[in-house]
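Written out below as structure tokens is the structure these notes cover.
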Amino acid sequence: MTDLPISMELTQIQREILTALINLQRREGRAVKGEEIADIIDRNPGTIRNQMQSLKALHLVEGVPGPKGGYKAIAAAYEAINLDADDNVVDVPVIRNGSPVDGATANEITFFTVMRPNQCSGIVQIIGNIRDFDIDDEIEIGPTPVNKTHIKGVVTGRDDTTNRLIFDIKEMAAIPKIPVKNLARPAITIDPEISLLEACSKLHHLKARAALVGKNGNRSGVISLENIVRGMAEGKKDMPVLECMERDYPTVEGDEPLHVAISKLGETGASQVVVTESDVPFGMLDARDLIRCMVRF
């Protein structure tokens, strides 16, 4: 056996085969036919069979007999092409010119030229077929699972040997990995029978934009300044809060990550989300709180 790392022994086609095999194996959860690999990397099935013999000899691939058989990559194969062998992974979507790339996921992203004031570039390793990517293609990557990073850029280069794309970054955003309760304001509760004018005065005094509506520990809705202003504009300043409040409102548990609250606001169109602990409301979070959190960084 040679002392060189396995990755130094692989030819370009061997790397392409292993990448396609691992991608299909992760996605389908089964042994992969040589014909499936051939379709992805646009090679002759006979070529795939011949190369598989070499990959078996290198102890990177094993054959699975039977009608549902095929090939399976073993742990060393992941190391050979620098992929994470952990099965507990999620796909990171890759979009080309506005359309999701079927079967493609971002495995690794590296940034460079970060010190330049007007340019930032990156390299992304793709699990899947990158042959359809061309120079000047628009690319979107993400969101990533931890910090929900989302990147948009333009492809400037492609390395088929390592399945990497080089791209100029045009936009990038990430959501801090902090629990919702760290940003939540203590919720105030107002009596459902008070008038909109009284509610407006109370919210103004407490510098709040919304409040829970309830009495004796029973909360039946949420009233916001927007609800109040709308009612007063319609000449209903003496109407009880109970008749203008929102009975259905988004909630999120305080230990949930921040992106869950953002998703709730986006899905419902609400201006605030009620933060709970064991389903009991204790705080509120609105868009201004989220903006303040983002500008801290």
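Numbers here are sequence positions counted from 1.
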> Any donor and acceptor pair, going by atom type alone, linking the side chain of Asp286 with main-chain N or O of Arg288 inside 3.5 Å?
Replying inline: yes

> So, Ser195 versus Glu198: side-chain donor-acceptor pair below 3.5 Å or not?
Replying inline: yes

>> Are more than 12 heavy atoms, taken from residues, nucleotides or ligands other than Asp42, located less than 6.0 Å from that residue's CG atom?
In response: no

> Taking the side chain as C-beta and beyond, is there a heavy-atom pair between Val222 and Gln272 under 4.5 Å?
Replying inline: yes

> Are Glu28 and Lys33 within salt-bridge range, i.e. N to O under 4.0 Å?
Replying inline: no

>> side-chain contact (heavy atoms from CB on, under 4.5 Å) for Asp132 and Val101? Distances and angles first, verdict last.
In response: CA-CA 9 Å; Asp132 289 336; Val101 181; over 6 Å; no

>> Quick one, Cys244 and Ile223 - any side-chain contact, counting heavy atoms below 4.5 Å?
In response: yes

>> Same cluster or not: Val92 versus Leu165, using hydrophobic residues (I, L, V, M, F, W, Y) connected whenever any side-chain heavy atoms lie under 4.5 Å apart?
In response: yes

>> Apply side-chain contact (heavy atoms from CB on, under 4.5 Å) to residues Leu55 and Leu18 and explain how you reach the verdict.
In response: CA-CA 9 Å; Leu55 293 172; Leu18 283 181; 4.1 Å; yes

> How many angstroms lie between atom CD of Glu16 and atom CD1 of Ile41, to the nearest 0.5 angstrom?
Replying inline: 5.5 Å

>> Main chain of Glu36, side chain of Asp39: is a donor-acceptor contact present, judged purely on distance under 3.5 Å?
In response: no

> For the side chain of Lys264 and the backbone of Thr251, is there at least one donor-acceptor N/O pair under 3.5 Å apart?
Replying inline: yes

> Thr19 and side chain to side chain contact (heavy atoms under 4.5 Å, CB included): which partner among Ile37, Ile81, Leu24?
Replying inline: Ile81

> CG of Asp159 to CD1 of Ile123: how many Å apart, nearest 0.5 Å?
Replying inline: 9.0 Å

> Applying the side chain to side chain contact (heavy atoms under 4.5 Å, CB included) test to Glu234, which of Arg230, Met232, Lys237 qualifies?
Replying inline: Arg230

>> Using modelled atom types and a 3.5 Å cut-off, is there a donor and acceptor pairing between side-chain atoms of Asp160 and backbone atoms of Asn163?
In response: no

> Taking atom types as modelled and ignoring hydrogens, do the side chains of Glu253 and Thr276 form a donor-acceptor contact shorter than 3.5 angstrom?
Replying inline: yes

> What closest approach, in Å, do Ala106 and Ile141 show between heavy atoms, and which atom pair accounts for it?
Replying inline: CB-CG2, 3.7 Å

> Just wondering, are more than 12 heavy atoms of other shown residues or ligands nearer than 6.0 Å to CG in Asn44?
Replying inline: yes

>> Working note: Val94 + Glu140, criterion side-chain contact (heavy atoms from CB on, under 4.5 Å); need CA distance, chi angles, decisive distance, verdict.
In response: CA-CA 6 Å; Val94 179; Glu140 296 180 40; over 6 Å; no

>> Quick check: is Ile74 connected to Val64 through a chain of hydrophobic side chains (ILVMFWY, heavy atoms under 4.5 Å apart)?
In response: no

> Is a side-chain donor or acceptor of Gln119 paired with a backbone partner of Arg116 at a separation under 3.5 angstrom?
Replying inline: no

> Which salt bridge (Lys or Arg N to Asp or Glu O under 4.0 Å) pairs, counting each pair once, include a residue from residues 168-177, with sequence neighbours left out?
Replying inline: none

> Could you state the interatomic distance from NZ (Lys236) to CD (Glu243), rounded to the nearest 0.5 Å?
Replying inline: 8.5 Å

>> Taking Val280's backbone N and O only, do any of them form a donor-acceptor pair with Ser278's side chain (distance below 3.5 Å, no angle check)?
In response: no

> How many angstroms lie between CZ in Arg219 and OH in Tyr249, if you round to the nearest 0.5 Å?
Replying inline: 8.0 Å

> Between Ile135 and Thr156, is any pair of side-chain heavy atoms under 4.5 Å apart?
Replying inline: no

>> Tell me if the CD atom of Gln12 is crowded by more than 12 foreign heavy atoms within 6.0 Å.
In response: yes

> Can Gln125 and Asn107 be counted as having a side-chain donor-acceptor contact under 3.5 angstrom?
Replying inline: yes

> Going from OG on Ser201 to CG on Leu196, what distance comes out if it is rounded to the nearest 0.5 angstrom?
Replying inline: 12.5 Å

> Considering only heavy atoms from C-beta outward, does the side chain of Lys152 approach that of Ile139 to under 4.5 Å?
Replying inline: no

>> With no hydrogens and no angle check, just 3.5 Å: does a side-chain donor-acceptor pair link Asn227 and Glu246?
In response: yes

>> Side chains of Leu242 and Glu193, heavy atoms from C-beta outward: is any pair under 4.5 Å?
In response: yes

>> Is there a continuous path of hydrophobic side-chain contacts, each under 4.5 Å between heavy atoms, that joins Ile95 to Ile127?
In response: no

>> Using only atom types and a distance under 3.5 Å, with no angle test, would you say the side chain of Ser220 pairs donor to acceptor with the backbone of Gly214?
In response: no

> Got a sec: does the CG of Asp248 have more than 12 other heavy atoms crowding it under 6.0 Å?
Replying inline: no

>> side-chain contact (heavy atoms from CB on, under 4.5 Å) for Val124 and Arg164? Distances and angles first, verdict last.
In response: CA-CA 5 Å; Val124 56; Arg164 285 178 165 87; over 6 Å; no

> Are the side chains of Val252 and Leu285 in touch, meaning some heavy atoms are under 4.5 Å apart?
Replying inline: no

> Hey, are the side chains of Phe133 and Asn97 touching, using non-hydrogen atoms and a 4.5 Å cut-off?
Replying inline: no

> Can you hop from Val229 to Leu203 via hydrophobic side chains spaced under 4.5 Å?
Replying inline: no

> How many angstroms lie between atom CD1 of Ile126 and atom CZ of Arg158, to the nearest 0.5 angstrom?
Replying inline: 12.0 Å

> Do Val241 and Pro192 have side chains that get closer than 4.5 Å, going by heavy atoms?
Replying inline: no

> In terms of side-chain geometry, is the basic nitrogen of Glu226 or Arg209 positioned less than 4.0 Å from the acidic oxygen of its partner?
Replying inline: yes

